[in-house]
*Asks:* 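The structure follows.
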Amino acid sequence: MPAKKTKLPKDLLSPPSSRNFFEDVFDVVRQIPKGRVTNYGSIAKYLGTGSSSRMVGWAMNASHAVVPPIPAQRVVNRNGLLTGKHHFSTPTQMQELLEKDGVAVIGNKVVEFKEIFWDPNEELI
DNA sequence: TTCCTGACTCCAG
DNA sequence: CCTGGAGCCAGGA
């Protein structure tokens with residue numbers, strides 16, 4: 001069956017053998033515990049891509065077309081701001097999903113961000 | 001091919 | 001504390 005038309009890079013549609021940046025990003029994001037959040041830079045660092053944090057965000061942009069769904073709401077910027085909220089179906093979707101996870105959000109910012117921060121570099125083997 | 005943009009981050013001033 | 005520039009990598013016009 002041909003893949004549905006998508007804006008995803010060809011690499012993402014490649015077999016698992018050709019592991020790529022996208023799959024790695026999704027893999028890490030899927031492991032973020034409920035109620036915890038992380039940022040783009042930490043994921044980039046964990047994947048060894050150094051300071052390519054923008055690529056993480058870019059990958060998240062494609063996460064909506066992937067299954068199982070990626071908890072993209074758990075990835076915010078280094079200040080705990082919901083910088084990617086406008087990429088969800090509605091401007092409030094990201095916050096609602098976070099609150100559903102038990103994460104309080106006020107003024108586009110994750111409350112107690114520092115407390116619930118989940119760093120893959122230290123908590124993921 | 002070059003130029004611009006982006007769900008980022010760091011460093012100067 | 002705020003602002004601007006650079007580095008970063010991939011994709012689109």
Side-chain angles (χ1 to χ4, degrees):
Chain A
M1 54 156 281
K4 287 195 302 183
K5 181 171 185 180
T6 169
K7 295 184 63 178
L8 297 177
K10 283 176 288 187
D11 291 343
L12 186 60
L13 302 177
S14 301
S17 53
S18 36
R19 277 274 159 185
N20 57 63
F21 185 72
F22 275 69
E23 291 185 10
D24 289 337
V25 172
F26 298 153
D27 213 36
V28 174
V29 176
R30 273 193 282 251
Q31 295 182 65
I32 301 174
K34 181 179 180 180
R36 305 291 295 284
V37 295
T38 190
N39 62 35
Y40 304 93
S42 294
I43 294 176
K45 183 179 179 183
Y46 174 75
L47 297 179
T49 50
S51 45
S52 308
S53 48
R54 309 187 87 166
M55 292 302 93
V56 176
W58 177 61
M60 297 313 290
N61 190 36
S63 69
H64 293 297
V66 180
V67 290
I70 309 296
Q73 76 277 13
R74 294 174 190 164
V75 183
V76 296
N77 80 344
R78 71 184 185 87
N79 297 310
L81 294 176
L82 282 53
T83 51
K85 61 181 295 184
H86 295 301
H87 290 265
F88 285 75
S89 36
T90 70
T92 56
Q93 187 65 51
M94 188 175 188
Q95 179 172 334
E96 289 171 6
L97 287 172
L98 281 171
E99 294 178 332
K100 192 176 179 182
D101 281 347
V103 177
V105 178
I106 297 179
N108 277 2
K109 188 176 184 304
V110 174
V111 182
E112 301 294 321
F113 170 65
K114 191 174 63 176
E115 303 302 323
I116 65 175
F117 179 66
W118 181 85
D119 187 352
N121 297 289
E122 298 182 5
E123 312 203 40
L124 199 62
I125 307 299

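When reading the values below, keep in mind they use all heavy atoms of this one structure, side chains included, and skip hydrogens, waters and symmetry mates. Every chain is numbered from 1 and lettered A, B, ... according to where its sequence line falls, protein lines coming before strand lines.
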*Asks:* Treat each ILVMFWY residue as a node, draw an edge where side-chain heavy atoms are under 4.5 Å apart, and state whether A/W118 and A/M60 are in one component.
*Replies:*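 Hydrophobic grouping puts A/W118 with A/M60.
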*Asks:* What is the distance from atom CG of A/N39 to atom CG of A/D119, rounded to the nearest 0.5 Å?
*Replies:*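 CG of A/D119 is found 7.5 Å from CG of A/N39.
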*Asks:* Check whether any side-chain heavy atom of A/V75 lies under 4.5 Å from a side-chain heavy atom of A/T38, and answer yes or no.
*Replies:*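 A/V75 vs A/T38: side chains touch.
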*Asks:* Applying a strict under-4.5 Å side-chain criterion to I, L, V, M, F, W and Y, I'd like to know whether A/V56 and A/Y46 cluster together.
*Replies:*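 Same cluster.
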*Asks:* Separation of A/W58 atom CH2 from C/dC9 atom C1', in whole Å?
*Replies:*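 These atoms are roughly 8 Å apart.
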*Asks:* Share the residues that join A/V111 in a hydrophobic cluster, the rule being Ile, Leu, Val, Met, Phe, Trp or Tyr side chains under 4.5 Å apart at the heavy-atom level.
*Replies:*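 Its cluster mates, by chain and number, are A/I106.
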*Asks:* Which atom pairs link the protein and nucleotides 4-7 of chain C when you take only N or O atoms and keep those under 3.5 Å?
*Replies:*
unit_1 : atom_1 : unit_2 : atom_2 : d
C/dG7  : O6     : A/R54  : NH1    : 3.0

*Asks:* Going by heavy atoms closer than 4.0 Å, what residues in residues 37-49 of chain A are next to DNA chain B?
*Replies:*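 DNA chain B contact set from residues 37-49 of chain A: A/N39, A/Y40, A/G41.
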*Asks:* Does anything in residues 76-90 of chain A pair up under salt bridge (charged side-chain N to carboxylate O under 4.0 Å, His left out), and if so which pairs, sequence neighbours excluded?
*Replies:*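 Residue pairs passing salt bridge (charged side-chain N to carboxylate O under 4.0 Å, His left out), neighbours aside: none found.
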*Asks:* If you look only at pairs with a residue in residues 57-67 of chain A, which of them pass as a salt bridge (charged side-chain N to carboxylate O under 4.0 Å, His left out), with sequence neighbours excluded?
*Replies:*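 Those involving residues 57-67 of chain A do not exist here.
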*Asks:* Please find the pair of heavy atoms, one from A/S63 and one from A/A72, that lie closest to each other, and give the distance.
*Replies:*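 Between these two residues, the closest heavy atoms are OG-CB, 4.0 Å.
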*Asks:* Determine which bases of DNA chain C form Watson-Crick or G-U wobble pairs with both distances under 3.5 Å, and write the result as a 5' to 3' dot-bracket string with | for other-strand partners.
*Replies:* .||||||.|||||
*Asks:* For A/H64 and A/H87, work out which heavy atoms get closest and say how close.
*Replies:*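 In this case the closest contact between A/H64 and A/H87 is NE2-O, 3.3 Å.
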*Asks:* Find the distance A/I70:CD1 to B/dA7:C1' and express it as a whole number of Å.
*Replies:*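 After rounding, the reported distance stands at 14 Å.
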*Asks:* Taking salt bridge (Lys or Arg N to Asp or Glu O under 4.0 Å) as the definition, give me every residue that meets it alongside A/E99, ordered by chain and number, with sequence neighbours left out.
*Replies:*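 Listed in chain order: nothing, the list is empty.
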*Asks:* I'd like a table of atom pairs between the protein and nucleotides 11-13 of chain B - only N or O on both sides, under 3.5 Å - with the distance next to each one.
*Replies:*
none

*Asks:* In whole angstrom, what separates A/M60's CE from B/dC8's P?
*Replies:*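 For the pair A/M60 CE and B/dC8 P, the rounded distance is 11 Å.
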*Asks:* So do A/M55 and A/T49 actually touch side chain to side chain, heavy atoms under 4.5 Å?
*Replies:*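 No - every pair of side-chain heavy atoms lies 4.5 Å or more apart.
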*Asks:* Mind running a 4.0 Å heavy-atom check of residues 81-109 of chain A against DNA chain B and sending the residues that fall below it, in number order?
*Replies:*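 The answer is A/T83, A/G84, A/H87, A/F88.
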*Asks:* For A/Y40 and A/S53, work out which heavy atoms get closest and say how close.
*Replies:*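 Distance-wise, the nearest heavy atoms are CB-O, 3.9 Å.
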*Asks:* What pairs meet the salt bridge (charged side-chain N to carboxylate O under 4.0 Å, His left out) rule with one or both residues in residues 30-53 of chain A, with sequence neighbours excluded?
*Replies:*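 Pairs touching residues 30-53 of chain A that pass the test: A/R36-A/E123.
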*Asks:* May I have the distance from A/Q73 (atom CD) to B/dA7 (atom C1'), rounded to whole angstrom?
*Replies:*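 The answer, rounded to whole Å, is 13 Å.
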*Asks:* If I compare all heavy atoms of A/A59 with all of A/V25, which pair ends up nearest, and what's the gap?
*Replies:*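 Result for this residue pair: CB-CG1, 4.1 Å.
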*Asks:* Quickly work out the A/R74 CZ to B/dA7 C1' distance and round it to whole Å.
*Replies:*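 Answer to the nearest Å: 17 Å.
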*Asks:* Taking atom P in both B/dC4 and C/dG5, compute the distance separating them and give it to the nearest angstrom.
*Replies:*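 So the two P atoms sit 14 Å from each other.
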*Asks:* Quick one: A/N61 CG to C/dG11 P, roughly how many Å, whole number?
*Replies:*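 Going from CG in A/N61 over to P in C/dG11 covers 12 Å.
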*Asks:* Is A/I116 isolated, or which residues cluster with it under the ILVMFWY side-chain rule of less than 4.5 Å, directly or via members?
*Replies:*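 Other cluster members: A/V37, A/V76, A/L82, A/F88, A/M94, A/L97, A/L98, A/V103, A/V105, A/V110, A/F113, A/F117.
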*Asks:* What residues form a side-chain hydrogen bond (donor to acceptor under 3.5 Å, both in side chains) with A/E112, not counting sequence neighbours?
*Replies:*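 Testing A/E112 for side-chain hydrogen bond (donor to acceptor under 3.5 Å, both in side chains), a comparison that skips the adjacent residues, returns none.
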